[in-house]
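Hydrogens, waters and symmetry mates are skipped; everything else that's a heavy atom, side chains included, is used. Reminder, nothing fancy here: chain letters follow the sequence lines and each chain counts from 1.
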Amino acid sequence: MPELPEVETIRCGIEPHVVKKTVDHVRIHNGSLRWPVAEALIEVLPGQKVNSVKRRSKYLLFTCDHGTLIVHLGMTGHLRLTSHSDARRKHDHVEIVFTDGSALCYNDSRRFGAILWTENDPLEHVRLVDLGPEPFSPEFNAAYLYQMSRGRKVAVKTFLMNAHVVVGVGNIYASEALFRAGITPARPAGNVCKVDYERLVQSVIEILKEAIAAGGTTIRDFSDSEGRPGYFKQQLCVYGRAGQKCVSCETLIKQIKLGQRSTYYCPVCQK
DNA sequence: CGAGCAACCTGCATGC
DNA sequence: TGCATGCAGGTTGCTC
């Protein structure tokens, strides 16, 4: 479900509702996510206060008194704010109930997501330590992408989606950013020149910021912490538009597969 | 090291 | 109606 804009939308929605709250108890209904949810959370979390909700890549970091809860939503994960008296829904796997009776509920039909716990620096966690730069950080620039891509034969779109290169760019925004930059997605990353990477960096930053401003993209079932959809779908130029006219030149948008992921582009505007 | 791809799992749309 | 197929905002961990 979520790329960086969707995770950031969820973070903004949740933060004011959980910060300064104290955990009363934790319920694990189905801890079988990508990695087993630590049963120890049931013992460890109660009594701890949530001090901040941050984001690194597509991970949400709930900083607590004596550790950090690291949450990834996978493809279909949802977090919603509930009351302890609300009815449970199908695929509600983990509930964190606060002392005031409010709760944070993790729902994930495909269970590709993860809920991890660390008492050390979360950025040093094995899942986070090797990640590439944040797209809004100064380290994400044309010189960096150019240098990283030399000698790489992989398609530039797959390269852009590689979290060791840059985090947060998933399947929707990779197609969108390449369209805006005028780069055809199947081009080997190592053949893309510096000037093109300059445009790509700008396009990625712009698209992600616009998507955050729109509250993310809802294709199927994305919703924020209060159940509202995102509105960036209206601004998508190529993703999901196979066979429709290019917004710029009216050529029909093409769909191909790259790295097992559907990829959309305009064969005229993108070279 | 990089590239390619199967796997994890459920739900939904489509076609016979 | 049923059943088989293919697809889905992600990531890991194999093989070559």
Side-chain angles (χ1 to χ4, degrees), chain A residues 1-11 29-37 55-60 70-79 89-93 106-116 125-132 135 147-178 186-191 204 207-208 210-212 214-224 228-236 238-242 255-264:
Chain A
M1 167 188 66
E3 300 184 39
L4 186 149
E6 291 72 37
V7 177
E8 187 60 22
T9 297
I10 289 165
R11 192 194 67 75
H29 305 295
N30 183 354
S32 168
L33 304 184
R34 170 172 292 280
W35 295 282
V37 179
R55 180 190 59 72
R56 169 73 173 113
S57 181
K58 297 169 187 168
Y59 293 90
L60 287 166
I70 303 174
V71 176
H72 196 289
L73 300 171
M75 291 276 259
T76 49
H78 294 256
L79 280 174
R89 302 183 191 174
K90 194 173 186 185
H91 306 303
D92 279 353
H93 302 312
Y106 181 87
N107 180 294
D108 187 357
S109 60
R110 291 174 76 180
R111 287 187 278 116
F112 286 178
I115 298 179
L116 307 165
H125 191 280
V126 62
R127 307 267 67 105
L128 307 195
V129 72
D130 289 327
L131 293 172
Q147 172 241 314
M148 284 291 281
S149 62
R150 290 313 89 182
R152 305 280 286 264
K153 295 176 184 168
V154 71
V156 62
K157 186 223 180 200
T158 308
F159 176 72
L160 189 60
M161 289 175 65
N162 181 344
H164 296 292
V165 174
V166 59
V167 302
V169 185
N171 202 37
I172 295 180
Y173 301 117
S175 279
E176 292 298 312
L178 286 162
R187 248 170 81 187
N191 289 2
V204 165
I207 300 257
L208 294 179
E210 289 165 19
I212 291 169
T217 300
T218 298
I219 299 291
R220 258 160 292 275
D221 64 354
F222 168 72
S223 60
D224 70 12
R228 293 176 301 230
Y231 294 99
F232 193 71
K233 182 170 193 274
Q234 299 161 13
Q235 296 171 62
L236 295 179
V238 289
Y239 184 86
R241 296 191 67 246
Q255 175 176 5
I256 57 171
K257 241 359 160 190
L258 288 177
Q260 312 154 218
R261 310 302 298 274
S262 285
T263 304
Y264 304 84

| A:Thr76 vs A:Asp108, side-chain hydrogen bond (donor to acceptor under 3.5 Å, both in side chains): CA-CA, chis, key distance, verdict | CA-CA 5 Å; A:Thr76 49; A:Asp108 187 357; 2.6 Å; yes
| said: For the base of C:dT11 and the side-chain ring of A:Phe112, does the geometry meet a stacking cutoff of under 5.5 Å between centres and under 30° between planes? | reply: no
| Length of the CG-C1' vector between A:Asp221 and B:dT10, whole Å | 11 Å
| task | When you get a sec, tell me which of C:dT12, B:dT10, B:dA3 is the closest nucleotide to the side chain of A:Trp35? | result |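 The nucleotide sitting nearest to the side chain is C:dT12.
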| task | Looking at every strand, decide which applies to A:Arg127 at a 4.0 Å heavy-atom threshold: base, sugar-phosphate, or nothing. | result | sugar-phosphate
| query | On a whole-Å scale, what distance lies between the C1' atoms belonging to B:dG11 and C:dT12? | reply | 23 Å
| task | When you get a sec, tell me which of B:dG11, C:dA8, B:dG4 is the closest nucleotide to the side chain of A:Lys90? | result | B:dG11
| said: With a 4.5 Å cut-off on side-chain heavy atoms, are A:Ile115 and A:Leu33 touching? | reply: yes
| request: Please check if the side chain of A:Thr158 supplies one atom and the backbone of A:Val154 the other of a donor-acceptor pair under 3.5 Å. | output: no
| query | Where the side chain of A:Arg152 is concerned, which of B:dC9, B:dG11, B:dG2 is the nearest nucleotide? | reply |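 Taking heavy atoms from C-beta onward, the closest nucleotide is B:dG2.
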| query | Can a side chain N or O of A:Lys58 be found less than 4.0 Å away from OP1 or OP2 on C:dT11? | reply |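 It does, given that an N or O in the side chain of A:Lys58 lies less than 4.0 Å from OP1 or OP2 of C:dT11.
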| message | If I pick the P atom on C:dC14 and the same atom on B:dC9, what distance separates them, to the nearest angstrom? | response | 16 Å
| field | Atom-pair distance (OH on A:Tyr106; P on B:dC9), nearest Å | value |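 These atoms are roughly 14 Å apart.
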| To the nearest angstrom, how far is A:Leu160 atom CG from B:dA3 atom P? |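 The answer, rounded to whole Å, is 14 Å.
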| query | Hey, which of these two, A:Ser57 or A:Lys257, hits DNA chain C nearer its 5' end, going by closest nucleotide? | reply |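 Mapping each residue to its closest nucleotide by heavy atoms, the 5'-most match is A:Lys257.
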| message | For A:Tyr173 and A:Thr217, which I'm curious about, is there any donor-acceptor pair between the side chains at under 3.5 Å? | response |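 Per modelled atom types, A:Tyr173 and A:Thr217 side chains form a pair under 3.5 Å.
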| Think A:His91 has a side-chain N or O under 4.0 angstrom from the OP1 or OP2 of B:dG11? |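 Checking A:His91 against B:dG11: at least one side-chain N or O falls below 4.0 Å of OP1 or OP2.
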| Within this structure, what is the CG-to-P distance between A:Leu258 and C:dC7, rounded to whole angstrom? | 14 Å
| Roughly, in whole Å, what's the span from CG in A:Asn30 to C1' in B:dC9? |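 For the pair A:Asn30 CG and B:dC9 C1', the rounded distance is 11 Å.
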| Closest to the A:Val154 side chain: C:dT12, B:dG4, B:dC9? | B:dG4
| Residue A:Tyr239, side-chain heavy atoms: nucleotide from B:dC5, B:dG4, C:dA8 that is nearest | C:dA8
| What closest approach, in Å, do A:Gly168 and A:Ser57 show between heavy atoms, and which atom pair accounts for it? | N-OG, 4.4 Å
| Side chain of A:Gln260 - closest among B:dA7, B:dG4, C:dA8 | B:dA7
| query | Expressed in angstrom and rounded to an integer, what is the separation of A:Leu4 atom CG from C:dT11 atom P? | reply |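 Answer to the nearest Å: 11 Å.
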| query | With respect to the side chain of A:Ser262, which nucleotide from C:dA8, C:dG13, B:dA3 is positioned closest? | reply | C:dA8
| request: For A:Ile212 and A:Glu8, work out which heavy atoms get closest and say how close. | output: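 Minimum heavy-atom contact is CD1-CG, 4.1 Å.
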| query | How far apart are the closest heavy atoms of A:Gly190 and A:Arg150, and which atoms are they? | reply |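 Reported closest heavy-atom pair: O-NH1, 3.0 Å.
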| request: Give the rounded distance in Å between these two atoms: CZ of A:Arg150 and C1' of B:dG2. | output: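 Between C1' of B:dG2 and CZ of A:Arg150: 15 Å.
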| query | For DNA chain B, what string of dots and brackets results from 5' to 3' when Watson-Crick and G-U pairs need both distances under 3.5 Å, crossing pairs get [ ], and pairs with another strand get |? | reply | .|||||||.|||||||
| said: Please classify the nucleic acid contact of A:Arg111 as base, sugar-phosphate, or nothing, using heavy-atom distances under 4.0 Å. | reply: sugar-phosphate
| Rounded distance in Å - CG (A:Asp130) to P (B:dC1) | 11 Å
| field | Residue pair A:Thr263 / A:Lys157: nearest heavy atoms and the distance that separates them | value |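 Shortest heavy-atom separation between A:Thr263 and A:Lys157 comes out as OG1-NZ, 2.9 Å.
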